Amino acid sequence: MATIPLTKRGAEKLKAELHRLKTVDRPAVINAISEARSHGDLSENAEYDAAKDRQGFIEGRIKEIEGKLAAAQVIDPAELNAGGRVVFGATVELEEEESGDAVRYQIVGEDEADLKHGLINISSPIARALIGKEQGDTAEVQAPGGLKRYEIVAVHYV
């Protein structure tokens, strides 16, 4: 099985979700199934069907998270020493050459990506264009609106 890169923060987030699923959501759905079962005929019991569906989702998510954590390669960006190169976990300050707009992204794993918070997936086109580059380099990204060029203003490991 291939390793899944996660930042330390991303791994903690997955562990917290797993803990909540096991200690809060799973017992709640078991109680909901018991309650629905007590109402009698299960063949026409929508509450029972909904609770069983929810249980299936929760159990599937638990398995998915456990699998990801088992295959995870946890990387602490603060401990990276990549010599100024853009690597997984790095925070990159960019300037779009045409408009001059400044943006700041951290390159993270698939489960952590959240563009609103500046967290981009390692497999996204912009992250792939940035990996291996250094401050002062230019990265070209094929975006839906056409080719965009970004200058790397700074690379941080935080």
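All residue numbers in this chain count up from 1 along the given sequence. Here the structure is a predicted model, which is why all the values come from computation and not from measurement.
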*asked:* Evaluate K52 against I33 for side-chain contact (heavy atoms from CB on, under 4.5 Å), listing each step before the verdict.
replied: CA-CA 7 Å; K52 288 299 279 183; I33 290 170; 3.6 Å; yes

*asked:* If you define the side chain from C-beta out and look only at heavy atoms, does anything of L94 sit under 4.5 Å from L130?
replied: yes

*Establish whether V153 and I126 are linked, either directly or via other cluster members, by ILVMFWY side-chain heavy-atom contacts under 4.5 Å.*
no

*Between the main-chain N or O of G10 and the side-chain N or O of E112, is there a donor-acceptor pair closer than 3.5 Å?*
yes

_Distance, nearest 0.5 Å, that separates CD1 of I58 from NZ of K63_ = 15.0 Å

*Going only through I, L, V, M, F, W and Y residues with side-chain contacts under 4.5 Å, is there a path from V86 to Y150?*
yes

*Can you check salt bridge (charged side-chain N to carboxylate O under 4.0 Å, His left out) on R9 and D76, steps first, answer last?*
CA-CA 8 Å; R9 180 184 62 237; D76 185 354; over 6 Å; no

_Salt-bridge present (E64, R61; N to O < 4.0 Å)_ = yes

*What are the two closest heavy atoms between V155 and A90, and how far apart are they?*
CG1-CB, 4.1 Å

*For the residue pair E17 and K13, establish whether any side-chain heavy-atom pair is separated by less than 4.5 Å.*
no

*asked:* Under the criterion side-chain contact (heavy atoms from CB on, under 4.5 Å), I'd like the reasoning laid out for R54 against D25: C-alpha separation, chi angles, the key distance, then a yes or no.
replied: CA-CA 9 Å; R54 177 87 177 124; D25 294 354; 3.8 Å; yes

*Heavy-atom side-chain proximity of L18 to I62 below 4.5 angstrom*: yes

*Can you establish whether the number of heavy atoms outside H117 located under 6.0 Å from its atom NE2 is more than 12?*
no

*Using the rule that two of Ile, Leu, Val, Met, Phe, Trp, Tyr join whenever any of their side-chain heavy atoms come within less than 4.5 Å, decide whether V74 and L80 are in one cluster.*
no

_Side chains of S38 and E35 only: does a donor on one sit below 3.5 Å from an acceptor on the other?_
no

*Shortest non-hydrogen contact from A139 to A129?*
CB-O, 3.8 Å

*Keeping to residues at least two apart or across chains, list the side chain to side chain donor-acceptor pair (under 3.5 Å) pairs with something in residues 130-140.*
E97-T138, E140-R149

*For the residue pair A113 and I120, what are the closest heavy atoms and their distance?*
CB-C, 4.3 Å

_Point-to-point distance, once rounded to the nearest 0.5 Å, from CG of L115 to OG of S124_ = 8.5 Å

_So, taking the atom named CD in Q73 and the one named CD1 in I4, what distance separates them when rounded to the nearest 0.5 Å?_
11.0 Å

*Mind checking the CG-CG spacing from D111 to N121? Nearest 0.5 Å is all I need.*
9.0 Å

_With a 4.5 Å cut-off on side-chain heavy atoms, are I65 and K15 touching?_
no

*So do Y105 and L119 actually touch side chain to side chain, heavy atoms under 4.5 Å?*
no

*What are the two closest non-hydrogen atoms of K68 and L14, and how far apart are they?*
CB-CD1, 4.5 Å

*So do I152 and E93 actually touch side chain to side chain, heavy atoms under 4.5 Å?*
no

*Between T91 and Y157, does a side-chain contact (heavy atoms from CB on, under 4.5 Å) hold up when you go through it step by step?*
CA-CA 6 Å; T91 300; Y157 308 106; over 6 Å; no

*asked:* I'd like to know if the side chain of H156 pairs up with that of Q106 as donor and acceptor (distance under 3.5 Å, no hydrogens or angles considered).
replied: no

_Minimal non-hydrogen separation, T7 against P77, with atom names_ = CG2-CG, 4.3 Å

*Considering non-hydrogen atoms only, spot the tightest contact between I75 and F88 and give its length.*
CD1-CD2, 3.4 Å

*R26, CZ: over 12 other non-hydrogen atoms inside 6.0 angstrom*: yes

*asked:* More than 12 heavy atoms of other residues, nucleotides or ligands under 6.0 Å from NE2 of H19: yes or no?
replied: no

*State whether the side chain of N45 and the backbone N or O of Y48 hold a donor-acceptor pair below 3.5 Å, judged by distance alone.*
yes

*For L6 and V108, what are the C-alpha separation, side-chain angles and deciding distance, and is it a side-chain contact (heavy atoms from CB on, under 4.5 Å)?*
CA-CA 7 Å; L6 282 174; V108 297; over 6 Å; no

